[in-house]
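Written out below as structure tokens is the structure these notes cover.
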Amino acid sequence: MKDKQHILDRFISYITIDTESDPNSETTPSTEKQWDLAHKLVEDLKAIGMSNVTIDDNAYIMATLPSNVEHEVPTIGFISHFDTSPDFTGKNVKPRVIDNYDGKDIVLNSEENIILSPSYFEDLLLYVGQTLVVTDGTTLLGADDKAGITEIITAMEYLISHPEIKHGTIKVGFTPDEEIGRGAHNFDVNTFGADWAYTMDGSQIGELEYENFNAAGAKIKVKGKIVHPGYAKGKMVNSMYYATEFINALPRLETPEHTEGYEGFFHLYAIEGKVEHTELQYIIRDHDRAKFEARKIVMEKIAADLNSKFKADIFEIEINDQYFNMKEKVEPVMHIVDIAEEAMISLGIKPLIKPIRGGTDGSQLSYMGLPCPNIFAGGHNFHGRYEYVPVESMQKAAEVICKIAELTAKS
């Protein structure tokens with residue numbers, strides 16, 4: 001594998017390009033600035049010698065590494081997204097490299113007293129002695145998922161320069177707008193042409209995931225009536241007070257901050273209200289499909305019961321499915337997970353097989369006919385100022401990609 005500085009330089013060249021996506025935009029990509037990195041990625045893929053490098057009108061990038069064996073081998077793919085989350089700014093990223101991390105607090109920003117501490121983020125202690133890339137505390141880093149992109153391109157470059165490593169045809173795909181749930185919406189599975197693929201979009205080294213949440217979004221509109229407060233008795237209907245009735249009717253401990261593992265939740269992530277109108281925005285998550293469907297019914301019943309209680313159509317609820325658990329599509333082809341697990345073990349990496357408490361492009365792609373488990377990209381604390389990634393984890397991820405290609409050619 002290329003030396004540490006090579007993969008580090010490539011990663012920094014990507015994260016310093018702002019690619020924040022916008023959930024309020026109706027275009028694809030959702031922000032014009034995503035094209036800046038998209039065009040660079042096309043040039044980088046061509047520069048390392050990839051074939052059939054294309055970019056479509058929606059900034060979806062595909063490329064091919066032809067097989068170097070004569071026997072028939074399944075075509076596999078590796079996919080990552082180049083947008084960053086709108087949860088925190090990705091503009092003017094100023095990465096800092098920490099060599100030989102000593103296990104102590106890292107001062108990200110002395111002026112604002114922003115500290116990345118292992119006393120709070122215990123995973124830092126896994127990487128003592130390694131090289132970390134951190135933020136300056138004012139932006140996210142962008143390892144989600146520019147680390148994945150870096151690893152895929154680095155792995156392809158290595159395979160091209162080492163033809164003694166035998167592999168079948170490998171497809172590469174980079175997508176916009178994954179962070180706003182649209183990464184797979186315009187992905188052409190047939191054109192991609194892989195039998196299966198892997199997203200390089202996980203976190204800690206060793207993560208291997210083929211289960212994710214079933215997901216839906218819920219919007220609750222609460223109607224009120226505004227009159228002069230001095231003459232409001234018996235006339236005013238304050239929608240904000242009624243909205244709290246809905247909030248308090250849901251199980252208080254079934255929220256993200258009180259759940260883990262396979263436990264699902266209701267998450268109230270936005271409120272906008274005035275006396276006459278309040279809107280609640282929820283996401284609904286559960287790994288179990290039956291429990292997921294039950295959660296939607298619970299929310300609809302609460303709205304109906306409250307309308308009955310107040311003898312008025314005060315509550316209006318709209319629920320839309322977002323994605324489903326890829327386990328249903330991956331389990332029938334579990335050998336694709338087994339290959340990834342074998343690749344990690346052969347490289348001295350302990351596989352951490354666990355459910356994703358979220359979703360990836362792979363969850364949607366699996367339902368589009370492209371089974372697509374998720375592999376670690378190495379970063380931690382995504383979507384915020386405390387994001388970091390060990391360079392050694394990126395190197396290992398690139399090695400896993402190469403090993404999967406090699407094992408698939410032998411299977």
Got a sec, which residues hit side-chain contact (heavy atoms from CB on, under 4.5 Å) with Lys104, two or more places apart in sequence or on another chain? Asp102

Output side-chain donor-acceptor pairs under 3.5 Å for residues 335-342, partner residues at least two apart or in another chain, one line each.
none

Please work out whether the ring planes of Phe265 and His267 are parallel, tilted or perpendicular, with thresholds of 30° and 60°. perpendicular

Could you tell me whether the side chain of His167 and the main chain of Ile404 form a donor-acceptor pair under 3.5 Å? no

Classify the ring geometry between Phe187 and Tyr60 as parallel (under 30°), tilted (30 to 60°) or perpendicular (over 60°). perpendicular

Not counting sequence neighbours, which residues clear side-chain contact (heavy atoms from CB on, under 4.5 Å) with Asp87? List them please. Ser85, His383

Tell me, please, which residues at least two apart from Tyr14 pass ring pair (Phe, Tyr, Trp, His ring centres under 6.0 Å). none

Qualifying ring-ring contact (aromatic ring centres under 6.0 Å, His included) pairs with a residue from residues 17-47, counting only residues at least two apart or across chains: Trp35-His39

Please list all pairs passing the salt bridge (charged side-chain N to carboxylate O under 4.0 Å, His left out) test where one or both residues lie in residues 119-146, with sequence neighbours left out. none

Do the side chains of Met50 and Val172 get nearer than 4.5 Å, heavy atoms only? yes

Per the ring-ring contact (aromatic ring centres under 6.0 Å, His included) rule, what does the pair list look like for residues 128-154, sequence neighbours excluded? none

Name the orientation class of the two ring planes belonging to Tyr388 and His380 (parallel below 30°, tilted from 30 to 60°, perpendicular beyond 60°). parallel

Got Asp321 and Lys296 here, is their nearest side-chain heavy-atom distance under 4.5 Å? yes

Those residues at least two apart in sequence (or on a different chain) that pass side-chain hydrogen bond (donor to acceptor under 3.5 Å, both in side chains) with Ser239 are Thr278

Is there a donor-acceptor pair closer than 3.5 Å between any side-chain N or O of Asn307 and the backbone N or O of Phe315? yes

Who are the salt bridge (Lys or Arg N to Asp or Glu O under 4.0 Å) partners of Lys33, not counting sequence neighbours? Asp18

Listed once per pair and sorted, the ring-ring contact (aromatic ring centres under 6.0 Å, His included) pairs that draw on residues 74-118, sequence neighbours left out: Phe78-Tyr198

Do Asn325 side-chain atoms and His287 backbone N/O form a donor-acceptor pair below 3.5 Å? yes

Pairs under 3.5 angstrom only: tabulate donor-acceptor contacts from the side chains of residues 215-233 to other protein residues two or more places apart or in another chain.
unit_1 : atom_1 : unit_2 : atom_2 : d
His228 : ND1    : Gly230 : N      : 2.8

Are the side chain of Thr139 and the backbone N or O of Val93 linked by a donor-acceptor pair below 3.5 Å? no

Interatomic distance, CD1@Ile12 vs CG@Leu141, rounded to 0.5 Å, equals 9.0 Å

For Leu253 versus Thr259, what's the shortest heavy-atom pair and its separation? O-CG2, 3.9 Å

Are the side chain of Asp22 and the backbone of Thr31 linked by a donor-acceptor contact shorter than 3.5 Å? no

Is it true that a side-chain atom of Thr199 and a backbone atom of Ile79 form a donor plus acceptor pair closer than 3.5 Å? no

Heavy-atom distance under 4.5 Å between the side chains of Val391 and Ile7, does that happen here? yes

Could you tell me whether Phe310 atom CZ has more than 12 heavy atoms of other residues or ligands within 6.0 Å of it? yes

Holding to side-chain hydrogen bond (donor to acceptor under 3.5 Å, both in side chains), I want the full list of residues that pass it with Glu257, two or more places apart in sequence or in another chain. Thr255

